[in-house]
Undergrad: 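Take this structure, written in structure tokens, and hold onto it; I'll ask about it next.
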Amino acid sequence: GSGAGLFPIITASMVQFILAEAALTLGTTGDARTYAGNGIRLNLEAINNFVAAPGNLGVQLPAATITAFVNNRLAQYDASGQTGRLRGIMIEKYISLFGNGIESYNDYRRTGFPELMVPI
């Protein structure tokens with residue numbers, strides 16, 4: 001309530017996910033797979049940096065865990081078609097946008113991903 005929170009306008013991981021989507025859907029330069037992997041890795045490293053900052057509590061993810069997770073997501077990317085690849089990129093971007101409902105909603109309106117659950 002004191003205004004001490006932060007709301008990053010754009011993060012390094014967001015840039016990578018934006019580049020991944022553009023490379024995949026628009027054919028811009030660069031490799032969508034590489035951008036997506038970079039986005040996932042940067043997001044997890046940013047979480048580790050936040051946890052390590054003074055006054056924060058939590059357990060940092062080991063580098064091997066981050067690498068294994070990124071490799072798992074890239075294997076899923078490789079096994080998917082165009083729509084599945086876009087879905088994977090947008091899901092990981094959505095996760096990295098925790099706390100930024102504006103950007104994630106705009107992504108959803110543009111791509112339809114991630115699929116939203118119907119309330120019961």
Side-chain angles (χ1 to χ4, degrees):
S2 65
L6 56 109
F7 186 83
I9 295 172
I10 192 162
T11 63
S13 64
M14 285 172 63
V15 170
Q16 294 299 305
F17 288 122
I18 291 166
L19 290 171
E21 180 188 353
L24 184 67
T25 61
L26 302 175
T28 59
T29 59
D31 179 47
R33 182 184 189 277
T34 300
Y35 289 136
N38 290 344
I40 297 167
R41 182 174 305 281
L42 285 168
N43 180 52
L44 296 174
E45 289 172 353
I47 293 168
N48 272 353
N49 290 338
F50 180 81
V51 169
N56 294 328
L57 301 174
V59 178
Q60 287 191 309
L61 295 168
T65 300
I66 293 173
T67 299
F69 184 80
V70 171
N71 290 341
N72 174 274
R73 292 302 182 253
L74 292 178
Q76 290 178 0
Y77 179 93
D78 292 339
S80 300
Q82 180 83 357
T83 301
R85 290 175 178 177
L86 178 60
R87 180 181 180 273
I89 290 169
M90 299 316 294
I91 287 172
E92 291 302 323
K93 184 179 181 194
Y94 176 84
I95 292 167
S96 76
L97 289 171
F98 180 79
N100 184 344
I102 296 167
E103 188 70 27
S104 58
Y105 179 65
N106 287 333
D107 287 342
Y108 169 74
R109 289 187 316 154
R110 187 180 64 258
T111 66
F113 295 114
E115 298 91 347
L116 302 177
M117 296 174 48
V118 177
I120 297 175

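Predicted model only: the values in this text are computed from it and were never measured.
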Undergrad: Can you tell me if Tyr94 has over 12 outside heavy atoms packed within less than 6.0 Å of its OH?
TA: no
Undergrad: Would you give the length of the straight line joining atom CD of Glu21 to atom NZ of Lys93, rounded to the nearest 0.5 angstrom?
TA: 6.0 Å
Undergrad: Honestly curious: do Leu44 and Met90 fall in one hydrophobic cluster under the side-chain, below-4.5 Å linking rule?
TA: yes
Undergrad: Distance from Ser96 atom OG to Asn43 atom CG, nearest 0.5 Å?
TA: 4.5 Å
Undergrad: If you round to the nearest 0.5 Å, how far is CD1 of Ile18 from OG1 of Thr28?
TA: 11.5 Å
Undergrad: Is there a side-chain contact between Arg41 and Thr67 in this structure, where contact means two heavy atoms from C-beta onward sitting under 4.5 Å apart?
TA: yes
Undergrad: State which residue, out of Glu115, Glu92, Gln82, Gln76, fulfils the side chain to side chain donor-acceptor pair (under 3.5 Å) condition with Arg87.
TA: Glu115
Undergrad: Tell me which donor-acceptor pairs under 3.5 Å the side chains of residues 9-17 have, and how far apart each pair is, sequence neighbours excluded?
TA:
from, atom 1, to, atom 2, distance (Å)
Thr11, OG1, Ser13, OG, 3.2
Thr11, OG1, Met14, N, 3.2
Gln16, OE1, Asn38, ND2, 3.2

Undergrad: Taking atom CD1 of Ile89 and atom CG of Leu24, what is their separation to the nearest 0.5 Å?
TA: 5.0 Å
Undergrad: Specify the closest pair of heavy atoms between Ala23 and Gly30, including all atoms of both residues, with the distance to one decimal.
TA: CB-O, 3.8 Å
Undergrad: Would you give me the side-chain donor-acceptor pairs under 3.5 Å for residues 48-66, sequence neighbours excluded?
TA:
from, atom 1, to, atom 2, distance (Å)
Asn48, OD1, Leu61, N, 2.7
Asn48, ND2, Leu61, O, 2.9
Asn49, ND2, Glu45, O, 3.4
Asn56, ND2, Phe50, O, 2.6
Gln60, NE2, Asn48, O, 2.8

Undergrad: Report whether Ile95 and Phe69 are members of the same hydrophobic cluster (ILVMFWY, side-chain heavy atoms less than 4.5 Å apart, transitive linking).
TA: no
Undergrad: Leu116 and Phe113: same hydrophobic cluster, using ILVMFWY side-chain contacts below 4.5 Å?
TA: no
Undergrad: Can you tell me how far apart CG (Leu42) and OH (Tyr35) are? Round to the nearest 0.5 Å.
TA: 13.0 Å
Undergrad: Measuring from atom OG1 of Thr34 to atom CG of Leu19, what distance do you get when rounded to the nearest 0.5 angstrom?
TA: 11.5 Å
